[in-house]
Amino acid sequence: HKYFHHLNSSQAFALNLFFPFFENDASAPVLRALGTKGSICNWFAELVPYAEEKTNVDISWQDTKGSWTYCEVKLTEQGFGKAKGERRHYSKLEQIYEPVLRPYCPAELLQPDTFFAYYQILRNIWLAARDPKSSVVFLLPTRNEALWAPLLKVHSSLKPALSSRVHLAKLENVLNRL
């Protein structure tokens with residue numbers, strides 16, 4: 001693609017990992033390797049599923065039953081994105097995220113300072129929380145503690161109805177399974 005050089009390392013990696021499987025109707029091996037199931041009918045790189053919210057998702061796919069999976073891929077990053085707590089972030093927390101996440105999260109996780117510290121993680125989880133058939137996958141390098149520590153903290157605080165739809169995948173394990 002002529003704009004490939006504009007992708008960061010994680011975006012380029014995600015495209016190279018998923019494209020051969022998804023574009024050639026051979027999704028089963030990569031879905032199994034991620035610990036998910038199904039058969040895909042649509043997939044997108046850098047999808048913005050909800051225009052009003054504006055989150056880009058590295059790779060997203062819809063299975064033949066209509067369920068969506070959103071996949072956040074990290075490769076060399078040393079952390080998840082945080083929010084500074086600007087007026088627009090407070091507004092999005094109050095109007096967009098909190099009403100959807102409230103049934104699944106402890107109240108302290110939805111407090112502004114805490115929420116903004118885990119902003120990127122919770123935005124991705126919010127995508128899955130919007131629809132009980134949807135899920136999210138976080139695909140990360142095994143030894144990147146800067147990514148795993150906050151992700152595990154958030155994941156362990158979720159109620160089972162949502163935590164069961166938040167899949168944590170170790171990059172090296174996925175590649176070994178493939």
Side-chain angles (χ1 to χ4, degrees), residues 1 4-24 26-40 43-49 55-63 67-83 97 101 104-106 108-109 114-130 133-178:
H1 189 279
F4 191 81
H5 64 284
H6 289 289
L7 301 177
N8 69 31
S9 63
S10 295
Q11 292 167 322
F13 175 79
L15 192 59
N16 280 303
L17 175 65
F18 290 99
F19 181 84
F21 294 98
F22 286 1
E23 195 62 20
N24 293 305
S27 61
V30 75
L31 296 179
R32 255 192 322 274
L34 288 167
T36 62
K37 297 178 182 174
S39 182
I40 69 162
W43 75 279
F44 302 91
E46 290 302 314
L47 177 70
V48 178
T55 290
N56 284 60
V57 181
D58 292 327
I59 300 289
S60 305
W61 60 89
Q62 186 179 34
D63 68 22
S67 301
W68 281 93
T69 300
Y70 306 100
C71 185
E72 177 67 27
V73 179
K74 295 290 187 194
L75 191 59
T76 60
E77 294 88 346
Q78 291 304 301
F80 285 97
K82 299 176 183 195
Y97 304 121
L101 290 171
Y104 304 108
C105 298
E108 58 270 13
L109 195 57
T114 306
F115 186 87
F116 298 146
Y118 299 109
Y119 192 65
Q120 186 179 25
I121 296 170
L122 289 166
R123 280 188 337 195
N124 281 283
I125 290 172
W126 170 83
L127 291 168
R130 288 182 56 92
K133 297 181 299 183
S134 294
S135 61
V136 63
V137 174
F138 290 90
L139 180 59
L140 318 169
T142 303
R143 293 189 178 195
N144 191 332
E145 186 61 28
L147 295 172
W148 281 102
L151 181 59
L152 290 171
K153 185 172 183 172
V154 170
H155 187 257
S156 68
S157 73
L158 299 174
K159 292 185 180 172
L162 182 56
S163 69
S164 64
R165 296 185 285 122
V166 177
H167 306 280
L168 312 180
K170 294 180 177 178
L171 177 62
E172 297 82 353
N173 292 350
V174 169
L175 294 176
N176 284 335
R177 288 182 198 126
L178 288 172

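For the single chain, residues carry numbers from 1 onward in sequence order.
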| query | After noting the C-alpha distance and the side-chain angles of Val137 and Ile59, does the key distance pass the side-chain contact (heavy atoms from CB on, under 4.5 Å) rule? | reply | CA-CA 10 Å; Val137 174; Ile59 300 289; over 6 Å; no

| request: Compare all side-chain heavy atoms of Phe44 with those of Pro49 and state whether any distance is below 4.5 angstrom. | output: no

| note | Taken to the nearest 0.5 Å, the spacing of Leu140 CG from Glu72 CD works out to 8.5 Å

| field | Pro106 versus Ser157, closest heavy-atom pair with distance | value | CD-O, 3.2 Å

| query | Between Glu77 and Leu147, what is the shortest heavy-atom contact and its length? | reply | O-CD1, 3.8 Å

| For the ring pair Phe18 and Trp43, is the centre-to-centre distance below 6.0 Å? | no

| task | Could you please spell out the steps behind the side-chain contact (heavy atoms from CB on, under 4.5 Å) verdict for Tyr70 and Trp126? | result | CA-CA 10 Å; Tyr70 306 100; Trp126 170 83; over 6 Å; no

| message | Nearest 0.5 angstrom please: Leu17 CG to Leu171 CG, how far? | response | 8.0 Å

| What's the spacing between Leu139 CG and His167 NE2 if we round to 0.5 Å? | 13.0 Å

| field | Pairwise distance OG1(Thr36) to CG(Leu31) - rounded to 0.5 angstrom | value | 4.0 Å

| Closest contact, heavy atoms only, His155 versus Ser163 | NE2-O, 3.2 Å

| said: Between Leu75 and Gln11, is the side-chain contact (heavy atoms from CB on, under 4.5 Å) condition met? List the steps. | reply: CA-CA 9 Å; Leu75 191 59; Gln11 292 167 322; over 6 Å; no

| said: If you define the side chain from C-beta out and look only at heavy atoms, does anything of Lys153 sit under 4.5 Å from Tyr118? | reply: yes

| field | Within-4.5 Å side-chain heavy-atom neighbours: Leu127 and Val136 | value | no

| query | Side chains of Val73 and Phe13: closer than 4.5 Å at any heavy-atom pair? | reply | yes

| said: So, using side chain to side chain donor-acceptor pair (under 3.5 Å) as the criterion, who are the partners of Asn173 when residues are at least two apart? | reply: none

| said: If you define the side chain from C-beta out and look only at heavy atoms, does anything of Leu178 sit under 4.5 Å from Arg32? | reply: no

| query | What orientation do Tyr119 and Tyr97 show, parallel under 30°, tilted 30 to 60°, or perpendicular over 60°? | reply | perpendicular

| remark: Between the CG atom in Leu162 and the SG atom in Cys105, the distance rounded to the nearest 0.5 Å is 6.5 Å

| task | Identify the heavy atoms of Pro141 and Lys74 that sit nearest to each other, and give their distance. | result | CD-O, 3.2 Å

| request: Check whether any side-chain heavy atom of Trp68 lies under 4.5 Å from a side-chain heavy atom of Arg130, and answer yes or no. | output: no

| Test item: Leu152 and Leu168 side chains (from C-beta on) under 4.5 Å apart, heavy atoms | yes

| query | Within a reach of under 6.0 Å around CZ of Arg177, are more than 12 heavy atoms found that belong to other residues, nucleotides or ligands? | reply | yes

| task | Considering non-hydrogen atoms only, spot the tightest contact between Phe80 and Pro150 and give its length. | result | CD1-CG, 4.4 Å

| Atom CG of Leu151 and atom OG of Ser156: how far apart are they, to the nearest 0.5 Å? | 9.5 Å

| Atom of Ala169, atom of Leu34 and distance for their closest heavy-atom approach | CB-CD2, 4.1 Å

| said: Do Ile40 and Thr69 make a side-chain contact, defined as non-hydrogen atoms from C-beta onward lying under 4.5 Å apart? | reply: no

| Residue list, side-chain contact (heavy atoms from CB on, under 4.5 Å) with Ala26, at least two apart or on another chain | none

